[in-house]
Protein chains: 2
Amino acid sequence: MEPVQTEETGPARDARDAPDGQVLGQMIRDARKEKGLTLEEAAKAAAIGRSTLSKIENNLTKPSFDIIRRLMQTLDLKTPQLFVQSGDGDISGRRDYTLAGRGEHQETATYDHELLCTELTSKRMLPYISTIKARDVSEFESWVRHRGEEFMFVISGSLTLYTEHYRPLEMTEGDSVYYDSGMGHGCVSTSTEDARVLWVSL
Amino acid sequence: MEPVQTEETGPARDARDAPDGQVLGQMIRDARKEKGLTLEEAAKAAAIGRSTLSKIENNLTKPSFDIIRRLMQTLDLKTPQLFVQSGDGDISGRRDYTLAGRGEHQETATYDHELLCTELTSKRMLPYISTIKARDVSEFESWVRHRGEEFMFVISGSLTLYTEHYRPLEMTEGDSVYYDSGMGHGCVSTSTEDARVLWVSL
DNA sequence: GAAACTTTTTCCCTATTGGCAACAAATTTG
DNA sequence: CAAATTTGTTGCCAATAGGGAAAAAGTTTC
């Protein structure tokens with residue numbers, strides 16, 4: 001029996017996927033309201049004109065990147081959602097799960113990766129469980145390096161995390177680390193069993 | 001003895017923090033080059049004018065948000081770095097770790113959250129380990145809901161994940177799920193011990 | 001329910017964007 | 001090394017963003 005990976009998408013949601021960020025205004029307004037600010041206050045904080053903000057919220061203008069950036073700071077807007085284009089196969093209203101051990105395996109010389117929740121292709125974070133086969137740094141040809149951020153949680157065993165610019169970090173079950181994955185990095189098991197970690201990269 | 005949470009930042013990196021996105025042009029140009037595209041190709045792909053792109057890359061214009069968004073898609077630009085204001089404490093070249101059980105606790109009626117890697121304030125993903133105290137859906141006043149995406153991994157115990165639009169999902173140790181956290185959601189332990197899960201939200 | 005005040009929207013006007021096309025620079029080809 | 005082709009930059013101009021101020025809409029107060 002095949003495991004059901006993804007269930008049907010939820011029904012009739014707001015469905016305001018809206019063409020080309022026509023929702024942007026709404027989002028900004030929501031964010032402002034949530035912070036309990038008036039147009040004037042928010043505008044002043046972001047150092048823009050009252051009217052400008054009004055027009056943006058009502059989608060009467062296509063704001064400059066500069067303005068948006070200022071607003072993001074002021075309103076603590078999370079960057080990503082602003083860029084969600086029209087129904088771009090986004091994950092809105094969706095869910096995908098993977099049962100233990102049923103992920104998509106992908107093996108390298110030093111790692112054995114099990115990709116999780118692979119049905120949801122448009123997700124932004126990439127979660128996977130890895131078994132660290134490497135036992136010595138020398139097994140790595142070079143640093144693993146890819147623009148972005150990465151979070152790692154040790155599920156079992158113990159290991160040493162090597163990262164560029166830093167001294168090696170010893171980790172065991174339950175420990176976690178967050179780092180700029182643009183820095184070179186690599187793991188080596190130090191327990192008798194190969195260590196297993198959960199990685200989420202972005 | 002206090003655990004060292006964050007080590008010193010790596011040395012002398014590029015250090016082009018640059019005031020108010022004067023680097024934006026450079027970043028875009030880099031991204032384009034990296035994809036091996038000419039101005040023409042990139043511009044066409046993003047449906048903007050050749051010249052416009054040129055001017056943007058040379059910082060001769062303050063592009064509109066709309067234009068930037070199109071470029072981001074075309075060039076696979078990662079959102080965050082564009083918004084990094086001058087030295088805003090971004091994570092480039094940084095690392096932060098938390099030992100098992102040493103996270104920052106934050107308790108609610110139904111959960112007991114332990115925030116991880118809290119020294120790195122500007123990170124984009126939010127990782128935390130939660131103990132699910134709730135034993136029945138009725139304990140939730142309403143759906144938990146926050147714009148974004150969320151990944152959950154069951155560390156121990158078993159639970160039922162309730163999500164809006166879907167039928168409840170039974171999960172045990174090692175299972176994982178990824179969902180749009182804009183959908184209402186909530187967990188309830190079903191094992192004798194309170195279930196423990198790792199959440200990463202964005 | 002009118003007056004006083006707050007909050008938001010609408011005009012108006014100048015500064016600037018963004019696209020087209022001509023130009024310059026760089027690269028390839030014969 | 002000139003011609004041909006491609007890639008990047010600059011003028012030009014219509015379209016429009018963004019700020020100030022006035023008008024309108026929404027609240028509160030008496």
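Labels below follow one simple rule: chain letters A, B, ... track the order of the sequence lines, proteins then strands, and each chain is numbered from 1.
- For A:E114, there are no salt bridge (Lys or Arg N to Asp or Glu O under 4.0 Å) partners at least two apart in sequence or on another chain.
- An end-to-end axis angle of 30° holds for the helix from C:dG1-D:dC30 to C:dG30-D:dC1, taken from five base pairs per end and rounded to 10°.
- Whole-Å rounding puts the A:N59 CG to D:dT16 P distance at 15 Å.
- An OP1 or OP2 oxygen of D:dT9 is reached within less than 4.0 angstrom by a side-chain nitrogen or oxygen of B:S54.
- The 5' end of DNA chain C is approached more closely, in terms of each residue's nearest nucleotide, by A:R32 than by the other of B:P63 and A:R32.
- Side-chain contact annotation: B:Y179 with B:E149, donor-acceptor N/O pair under 3.5 Å absent.
- Rounded to an integer number of Å, the gap from CZ of B:F65 to C1' of D:dG18 is 17 Å.
- One donor-acceptor pair, N or O on each side, does fall under 3.5 Å between the base of C:dG19 and the side chain of B:K55.
- Summarising the geometry, the separation between CD1 on B:I68 and C1' on C:dG18 is reported as 13 Å, rounded to the nearest angstrom.
- Counting to the nearest Å, the P atom of C:dT17 and the CZ atom of B:R69 are 19 Å from each other.
- Following rounding to the nearest Å, B:I56 (CD1) and C:dG19 (P) show an atom-to-atom distance of 8 Å.
- Dashed line: the shortest gap from a side-chain N or O of B:T52 to OP1 or OP2 of C:dG19 is under 4.0 Å.
- Within 6.0 Å of CD on B:E193 lie no more than 12 heavy atoms contributed by other residues, nucleotides or ligands.
- We find the CZ-CG distance between A:R135 and A:L159 to be 10.0 Å, quoted to the nearest 0.5 Å.
- Aromatic ring pairs are classed by plane angle as parallel below 30°, tilted from 30° to 60° and perpendicular above 60°; the pair B:F151 and B:Y178 is tilted.
- Ring orientation note: the planes of B:Y128 and B:H113 are nearly perpendicular, at an angle over 60° on the 30°/60° scale.
- In this structure, B:E57 places its CD atom 14 Å from P of D:dT7, rounding to the nearest Å.
- Rounded to an integer number of Å, the gap from CD1 of B:I67 to P of C:dT17 is 12 Å.
- Between B:E107 and B:K133, at least one side-chain nitrogen of the basic residue sits less than 4.0 Å from a carboxylate oxygen of the acidic one, meeting the salt-bridge criterion.
- Phosphate proximity of D:dA17 to A:T61: present, with a side-chain N or O under 4.0 Å from OP1 or OP2.
- Remark: A:R29 is not in phosphate contact with C:dT7, judged by side-chain N or O atoms under 4.0 Å from OP1 or OP2.
- An OP1 or OP2 oxygen of C:dT8 is reached within less than 4.0 angstrom by a side-chain nitrogen or oxygen of A:K33.
- Checking the phosphate oxygens (OP1, OP2) of D:dA22, no side-chain nitrogen or oxygen of A:R50 falls inside 4.0 Å.
- Phosphate contact (OP1/OP2 of C:dG18, side-chain N/O of B:R70, threshold under 4.0 Å): absent.
- A:E150 has its side chain within reach of A:W199: a pair of non-hydrogen atoms, C-beta onward, lies under 4.5 Å apart.
- For C:dT8, the OP1/OP2 oxygens have no side-chain nitrogen or oxygen of A:N58 closer than 4.0 Å.
- Across the protein-nucleic acid pair, B:K44 atom NZ and C:dC20 atom C1' stand 15 Å apart, rounded to whole Å.
- Contact between the side-chain N/O atoms of A:S51 and the OP1/OP2 oxygens of C:dT10 is not found at any separation under 4.0 Å.
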